[in-house]
Amino acid sequence: MLHPYSDPSVGGTATKDLFVSAQGSYVVTAEGQRLFDGNAGLWCVNLGYGNEELIEAIAEQLRALSYAQTFGQTSSIPTIELAAKLAQLAPSHINRTFFGTGGSIANDTAVRIAHYYHKRRGESGRRLVISLGRAYHGSTLLSASMTRITEYHAGFQMLDGLVYEAPSPNPYRRESELSIEAFLQKALDELERLIDTLGPENLACIIVEPILGAGGVIVPPPGYHAGVAELCKRRGLLLIADEVVTGFGRLGEWVTSERLFDFSPDIITLAKGITSGYVPLSATMVSDEVHEVLSMPGDDIPLFAHGFTHSGHPVGCATALRSIEIIERDGLLDHVKKVGPHFMERLSALTELPMVGEARGSHFMAAIEIVADKVTKEPLHAGLEASRRIKQHCEERGLIVRPLTDYIILSPPLIMTAEEADWVVDVLADAIVATADELNIA
Ligand SMILES: Cc1ncc(COP(=O)(O)O)c(C=O)c1O
């Protein structure tokens with residue numbers, strides 16, 4: 001295997017990370033260790049592992065119709081039903097879904113739709129994309145180019161001249177003399193300047209994660225998204241909300257942009273939790289206004305020549321439908337709304353420990369940032385080393401966390417109880433203390 005996001009010179013699979021079974025929030029390794037999966041896989045196993053109802057839905061659909069394509073006017077019943085259900089769950093102005101197989105594909109699709117939209121409106125010059133510093137949007141050539149964790153670009157060729165970066169709206173890293181309000185204004189001013197420098201007539205869209213996940217669970221200042229949406233409207237750009245992580249319950253909402261962040265995107269992308277990671281599926285949802293333009297009658301309409309063999313796969317759609325049913329029946333969004341603030345409150349107390357500069361996030365999406373100096377916020381030289389050691393100590397105590405450069409990410413399954421949340425925070429605290437001792441950091 002060539003492992004994703006790996007050091008190819010190391011190669012192979014570490015036996016302690018070789019998983020052989022899982023149930024609920026716990027995975028079991030080949031060595032027989034049972035671990036609480038504090039990351040729900042890669043932010044995706046929202047309903048936990050081995051859910052019999054999901055397994056049954058998958059088996060039933062495989063028996064009934066194991067494949068159907070969706071090119072042209074072809075479809076299958078679960079695909080149609082899921083499109084209808086998503087239209088109910090999304091903000092009222094967003095009602096049309098294009099199905100894909102993952103977050104990267106969903107974001108590529110969003111940009112291709114933006115291009116098609118502008119061309120159909122006679123604005124073929126609108127090609128360019130703006131993405132935020134520290135954004136993560138995926139691993140295809142286009143979504144990797146929109147990913148602005150630039151250390152991931154080293155060793156590869158990005159799409160030159162298509163994607164431009166706006167400053168990361170990270171309040172923790174703002175200049176110390178700036179208030180949050182001044183920081184917000186500065187971020188929006190800089191974005192506006194970038195739009196004007198590039199020329200609105202050359203710009204297709206801006207893509208934003210409501211909370212920037214893999215970039216460090218960065219929560220932009222209140223008002224940021226609404227400000228971006230307003231700029232997009234004034235300059236004729238489409239706004240894409242990448243809800244691949246934030247959607248499907250992680251923050252206690254199906255879709256967070258309108259309800260939690262007070263903005264109305266033109267396009268929303270969903271993946272990961274949509275099937276709880278059981279099978280691949282993604283959704284790129286467009287507003288009525290965008291769909292109206294895409295479907296405008298006329299002479300010489302260009303074919304919407306975009307699609308994948310597995311677009312709208314009936315098994316993925318049947319899984320998502322059952323998953324939605326379970327989340328609704330079991331009141332899981334309310335559960336996340338209840339346990340999430342408690343989890344965040346407990347995590348925020350970790351800033352009293354050595355090395356922890358900030359604990360941040362929302363509900364079931366969190367990170368702690370490791371720093372050398374809490375006052376200057378200077379990064380720890382051995383940041384990755386520290387976070388890897390913290391991960392190691394957590395695993396010895398039965399908890400999986402995800403170290404990324406100098407932060408540790410937590411994105412537990414939505415079924416995590418308040419007691420489990422307390423245990424997760426206690427284990428992480430122990431692991432931080434043990435690591436600080438090893439590195440002689442007071
Ligand atoms: C916000 C966000 N968008 C897109 C993606 C890409 O999704 P995928 O890996 O399914 O292509 C990810 C993956 O972590 C993500 O976090």
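Start at 1 and go down the list; that is how both ligands and their atoms are numbered.
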Practice task
Under 4.0 Å, heavy atoms only, figure out whether ligand 1 is touched by the backbone of Asn107, its side chain, both or neither.
Solution key: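 The answer is the side chain of Asn107.
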Exercise for the section: Please work out whether the ring planes of Phe308 and His306 are parallel, tilted or perpendicular, with thresholds of 30° and 60°. Expected result: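 Because their plane-to-plane angle is over 60°, the rings of Phe308 and His306 count as perpendicular.
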Give the residue and atom name of whichever protein heavy atom lies nearest to [atom], and the separation in Å to one decimal.
atom	value
atom 9 (O) of ligand 1	Ser104 OG, 4.2 Å
atom 16 (O) of ligand 1	Val245 CG2, 3.3 Å
atom 15 (C) of ligand 1	Tyr136 CD2, 3.6 Å
atom 3 (N) of ligand 1	Asp242 OD2, 2.7 Å
atom 14 (O) of ligand 1	Lys272 NZ, 2.9 Å

Practice task
For residues Leu162 and Leu142, determine if any side-chain heavy atom of one lies less than 4.5 Å from a side-chain heavy atom of the other.
Solution key: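 Yes, their side chains come closer than 4.5 Å.
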Exercise for the section: Determine which pairs satisfy salt bridge (charged side-chain N to carboxylate O under 4.0 Å, His left out) with at least one residue from residues 355-367, sequence neighbours left out, and list them in order. Expected result: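 Applying salt bridge (charged side-chain N to carboxylate O under 4.0 Å, His left out) to every pair that reaches into residues 355-367, excluding sequence neighbours, yields Glu358-Arg360, Arg360-Glu369.
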Practice task
Using a strict 4.0 Å cut-off to heavy atoms of Gly102, name the atoms of ligand 1 that fall inside it.
Solution key: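 By the 4.0 Å cutoff, the relevant atoms are 10 (O).
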Practice task
Please identify which atoms of ligand 1 are closer than 4.0 Å to at least one heavy atom of Gly138.
Solution key: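 Result: 6 (C).
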Problem - Heavy-atom closest contact (Ile409 atom, Gly213 atom, distance) - result: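 For Ile409 and Gly213, the tightest heavy-atom pair comes out as CD1-O, 3.9 Å.
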Exercise for the section: Compute the minimum heavy-atom distance from Glu243 to ligand 1 and say whether it is under 4.0 Å. Expected result: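 Under 4.0 Å: no for Glu243.
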Handout entry: Worked check of side-chain contact (heavy atoms from CB on, under 4.5 Å) between Leu251 and Ile211
Key = CA-CA 10 Å; Leu251 305 183; Ile211 294 180; 3.9 Å; yes
Practice task
Kindly confirm or rule out an N or O of Gly103 lying under 3.5 angstrom from an N or O of ligand 1.
Solution key: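 Between Gly103 and ligand 1, an N or O pair is found under 3.5 Å apart.
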Handout entry: Close N or O approach (Glu209, ligand 1; < 3.5 Å)
Key =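 No: no nitrogen or oxygen of Glu209 is under 3.5 Å from one in ligand 1.
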Problem - Any side-chain donor near an acceptor of the partner, Glu209 and Thr246, under 3.5 Å - result: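 Looking only at side-chain atoms, Thr246 and Glu209 do not form any donor-acceptor pair under 3.5 Å.
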Problem - Geometric cation-pi criterion, Lys272 with Phe248: 6.0 Å, 45° - result: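 No; the conditions do not both hold, so Lys272 does not lie above the ring face of Phe248.
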Exercise for the section: Any chance you could lay out the side chain to side chain donor-acceptor pair (under 3.5 Å) test for Thr13 and His3, step after step, and finish with the verdict? Expected result: CA-CA 8 Å; Thr13 304; His3 283 262; 3.2 Å; yes
